[in-house]
Protein chains: 2
Amino acid sequence: MPAIDQLVHTVAARRIICRGQDDLTSVPIICSGWALSAVMLPDGSRQILSFLLPGDLVSPSLLFDSKPDSFVEAITTVTYRAFNRLNLRQAITTEPAAFSALARMWFREKRRTEELVVDLGRRSASERIARLIIGLVERLQERSMTSGPFEVDFPLRQHHIADATGLTPVHVNKLLSEFRRKELIRLSDRSLAILDPAAFRAAANLR
Amino acid sequence: MPAIDQLVHTVAARRIICRGQDDLTSVPIICSGWALSAVMLPDGSRQILSFLLPGDLVSPSLLFDSKPDSFVEAITTVTYRAFNRLNLRQAITTEPAAFSALARMWFREKRRTEELVVDLGRRSASERIARLIIGLVERLQERSMTSGPFEVDFPLRQHHIADATGLTPVHVNKLLSEFRRKELIRLSDRSLAILDPAAFRAAANLR
DNA sequence: CGACCGATTGATTTTTGTCAACAAAGGTGG
DNA sequence: CCACCTTTGTTGACAAAAATCAATCGGTCG
């Protein structure tokens, strides 16, 4: 990744944006598109830690250090802006506002990661999938990235859902089919609609 | 939890030290004993997020905010020191050394949580248990809390291991029995020894 | 003593993964 | 534009992993 500040970069779908091992001189912020942050295991399987949407800092912790075996990959075509790492770090230590902004981001990320731990540790496969979808829809709503009341563009493949929920793609497929059969959601052609929000939240064990 | 700074508090095993909902005026640091941080689910099951050993700050994020449904519980008798939250926060924003100390703690915690995500999402039950045990032994070694080369005091009950690894106590029991049968570990009377470190690490898929 | 907690074990069920086959969609190079 | 190849989604049969249920037993603590 080039180190030039402020320049907008474009990455095609399925390409890697950065790896934990890279010594990063810049911190990317997503401008458009979806990305994922994941850990690769030696056996070839992987665990997605988070999905990154426009406005997301690519791992706040990258400000300080990198992480082994973790990487960020584009799901759709992604554009991002690279900010100078040292400059950001400087801003954080000198400006209180920047510091608390960072603290808030860290906080949100931490909370999301811990919710993921709870989901993976203590919830059923269908709960995990439903919660993942609802969480993403809520984040898209916050960004006004909706195409209808409960309808959004949804570029994830079933294997993304599998890698995020700790399941196999085949099993994800079967459970999504079941959600469709029960008319809780509609999902086709990269478009998702939650048809029965109340019932779907119930399936996710929310509210 | 009283707000008096620097005072050492004592909590009996199985008692709650603090809850996320509490508006905390102080931040506890464990002086002796083991504690756990966990999330409770409505159905009564729970997910342990981390075990706290002497020297650990009870959730660095408590410096800024609290978290719903998460709580800290004593496993053994625990003593902790309560530090004033605002003072600590002040120190962090004014002293660079304190700031980077906090950043490092945050970092370690983040890394551990993400490793937990990977374990829960992508590893088998026996790998999870072995990794949990090895991680704890390593942390105890760092603190010189060992009673032999690969031997430590180990106050966890099987249900603690179950709640940390997202398994049932019954299943944990069976897998621990298998580790014992294979003579990888010895575990009885709150004492743990890793008899065959190489084989046990292999079971954990480490190194 | 009696109640509870924790560990253990076996039988059985549920959940999830694996394997295999196939079809639709989409991109690529000729 | 077509032929080919890869990716993605789908389905069914079967296997493995883990949960559930149930019973027992030994401590520990009022």
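Keep in mind it's a predicted model, so treat the numbers as computed, not measured. Note on naming: letters A, B, ... go to the chains in the order of the sequence lines (proteins, then strands), and numbering restarts at 1 for each one.
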Counting any heavy atom closer than 4.0 Å, what does A:Leu167 reach on the DNA or RNA strands: base, sugar-phosphate only, or nothing? sugar-phosphate
Within the pair A:Arg180 and D:dT10, is there a side-chain N or O less than 4.0 Å away from OP1 or OP2? yes
From C:dT9, D:dA13, C:dA7, pick the nucleotide closest to the side chain of A:Lys174? D:dA13
Length of the line joining A:Glu127:CD and C:dT15:P, which is rounded to integer Å: 12 Å
Is the phosphate of C:dA7, meaning OP1 or OP2, less than 4.0 Å from a side-chain N or O of B:Ser177? no
Specify the separation, in whole Å, of atom CG of A:Asp163 and atom P of C:dT16. 17 Å
How many Å lie between CD on A:Glu178 and P on C:dT16, as a whole number? 11 Å
Nearest-angstrom distance from the residue atom CD1 of B:Ile75 to P of C:dC5: 17 Å
Atom CZ of A:Arg123 and atom C1' of C:dT15 are separated, to the nearest Å, by 17 Å
Expected output: side-chain B:Arg15 to main-chain B:Val78 donor-acceptor under 3.5 Å: no
Do A:Asp43 and A:Ser45 meet the criterion of a side-chain donor-acceptor pair at a distance under 3.5 Å? yes
Around atom CD of B:Gln141, are there more than 12 heavy atoms of other residues, nucleotides or ligands at under 6.0 Å? yes
Options D:dA18, D:dA19, D:dT10, nucleotide nearest the side-chain atoms of B:Thr168: D:dA19
Whole-Å distance, B:Arg190 CZ to C:dG6 P, equals 9 Å
Could you tell me how the ring of A:Trp34 sits relative to the ring of A:Phe154: parallel (under 30°), tilted (30 to 60°) or perpendicular (over 60°)? perpendicular
Whole-Å distance separating the NE2 atom of B:His159 from the P atom of C:dA7: 8 Å
If the plane angle is over 60° it's perpendicular, under 30° parallel, otherwise tilted; pick one for B:Phe179 and B:Phe200. perpendicular
Any B:Asn173 side-chain N or O less than 4.0 Å from OP1/OP2 of C:dT8: yes
Among C:dA7, D:dG9, D:dA19, the one nearest any side-chain atom of B:Arg157 is C:dA7
Which comes earlier along DNA chain D counting from the 5' end, the contact point of A:Arg14 or that of B:Val172, where each point is its nearest nucleotide? A:Arg14
At under 4.0 Å, does any side-chain N or O of A:Gln158 touch on OP1 or OP2 of D:dT10? yes
Tell me the interatomic distance from A:Leu176, atom CG, to C:dT16, atom C1', rounded to whole angstroms. 15 Å
